[in-house]
Amino acid sequence: MDYQLHNKIALVSASTAGIGYAIASMFAAEGATVVINGRSNERVEKAIVSIRSTYSSANLIGVAADLGTANGVAVLTEKVPKVDILVNNLGIYAVKAFNDITDEEWIQMFDINVMSGIRLSRFYLPLMLKENWGRIIFISSESGVQIPSEMIHYGMTKTAQIAIARGLAEITAGTAVTVNSVLPGPTRSEGVEAFIASMAENSQKNIEQIEKEFFLNVRPTSLLKRFTTVNEVASLVCYVSSPLSSGTNGAALSVDGGVVRAIL
């Protein structure tokens, strides 16, 4: 399918692995110019080489910058002063009991997961409105709707992203700019792969058993009964980023395998 992205510049924050890498790869396959971002030059270059090994003609721009900080955002926006598509994908998570989460950890989670997207959107949205075309997508989570008790601070940031996306969409009324959030469920990203592999090793169970038990005990409402793939998430993001999605604005779009029972 042609998503009409050939003349678009797309920035995907934290795009050297996981969901971000899958989104960047799909944009590259569709002919967009893609800004690959990570915290180190080594990670950025590795991702670029990997994408070009599949899409040899991919037009990629690498920018190493820690977008969890105001300085990192300033570095990136100076190097990339204009984009047509902004995917706010940067995020961290941590499993921790509420009473054990320190003030510093609350602030760090908010700075990285929320402020990164706010700062980037604050820079690029006015330019999109001036051009009368643009797409901003926040990669939120089903945890923003169904807050997990084992990582409340993470869930809080994901709820905030949904609210920010909706609020920014209000600013775009009457224009060809849209702002949406995408809510993946448990996804087999790089971090999750390492987590379940560690659990399998510690419990002397195989990965298939760990996955089955996770959806039996931790996310029993899942209809998919498996981890979503990063490409399944990227497919939705690619569509929402395209001119074909012009009728979708201010929406919270789920790709969670049916974990959340509420109708959004």
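Given the structure is predicted, the values throughout are model-derived calculations rather than measurements. FYI, the numbering just counts along the sequence from 1.
Within the structure, ring-ring contact (aromatic ring centres under 6.0 Å, His included) contacts touching residues 43-68 (residues at least two apart or in different chains) do not occur. Within the structure, every pair that satisfies the salt bridge (charged side-chain N to carboxylate O under 4.0 Å, His left out) test and touches residues 223-252, not counting sequence neighbours, is listed here: R226-E232. Within the structure, salt bridge (charged side-chain N to carboxylate O under 4.0 Å, His left out) pairs that include any residue of residues 103-129 comprise K96-E105 (at least two apart or interchain). The stretch residues 159-171 participates, sequence neighbours left out, in these side-chain hydrogen bond (donor to acceptor under 3.5 Å, both in side chains) pairs: K158-Q161, R166-E170. The ring-ring contact (aromatic ring centres under 6.0 Å, His included) analysis of residues 206-236, with sequence neighbours excluded, yields the pairs F214-F227, F215-F227. Among pairs with a residue in residues 32-50, those fulfilling salt bridge (charged side-chain N to carboxylate O under 4.0 Å, His left out) read R43-E190, at least two apart in sequence or across chains. Pairs of residues two or more places apart, or lying in two chains, that qualify as ring-ring contact (aromatic ring centres under 6.0 Å, His included) and include a residue from residues 101-123 are W106-H153. For residues 54-66, the set of pairs meeting the salt bridge (charged side-chain N to carboxylate O under 4.0 Å, His left out) definition, not counting sequence neighbours, is empty. Contacts classified as side-chain hydrogen bond (donor to acceptor under 3.5 Å, both in side chains) and involving residues 77-87 (residues at least two apart or in different chains) are given here: K82-D84.
With sequence neighbours excluded, the residues that form a side-chain contact (heavy atoms from CB on, under 4.5 Å) with S13 are N37, L67, N89, L90, L120. Judged as a salt bridge (charged side-chain N to carboxylate O under 4.0 Å, His left out), and not counting sequence neighbours, E131 has no contacts. Judged as a side chain to side chain donor-acceptor pair (under 3.5 Å), and not counting sequence neighbours, the contacts of K205 are E213.
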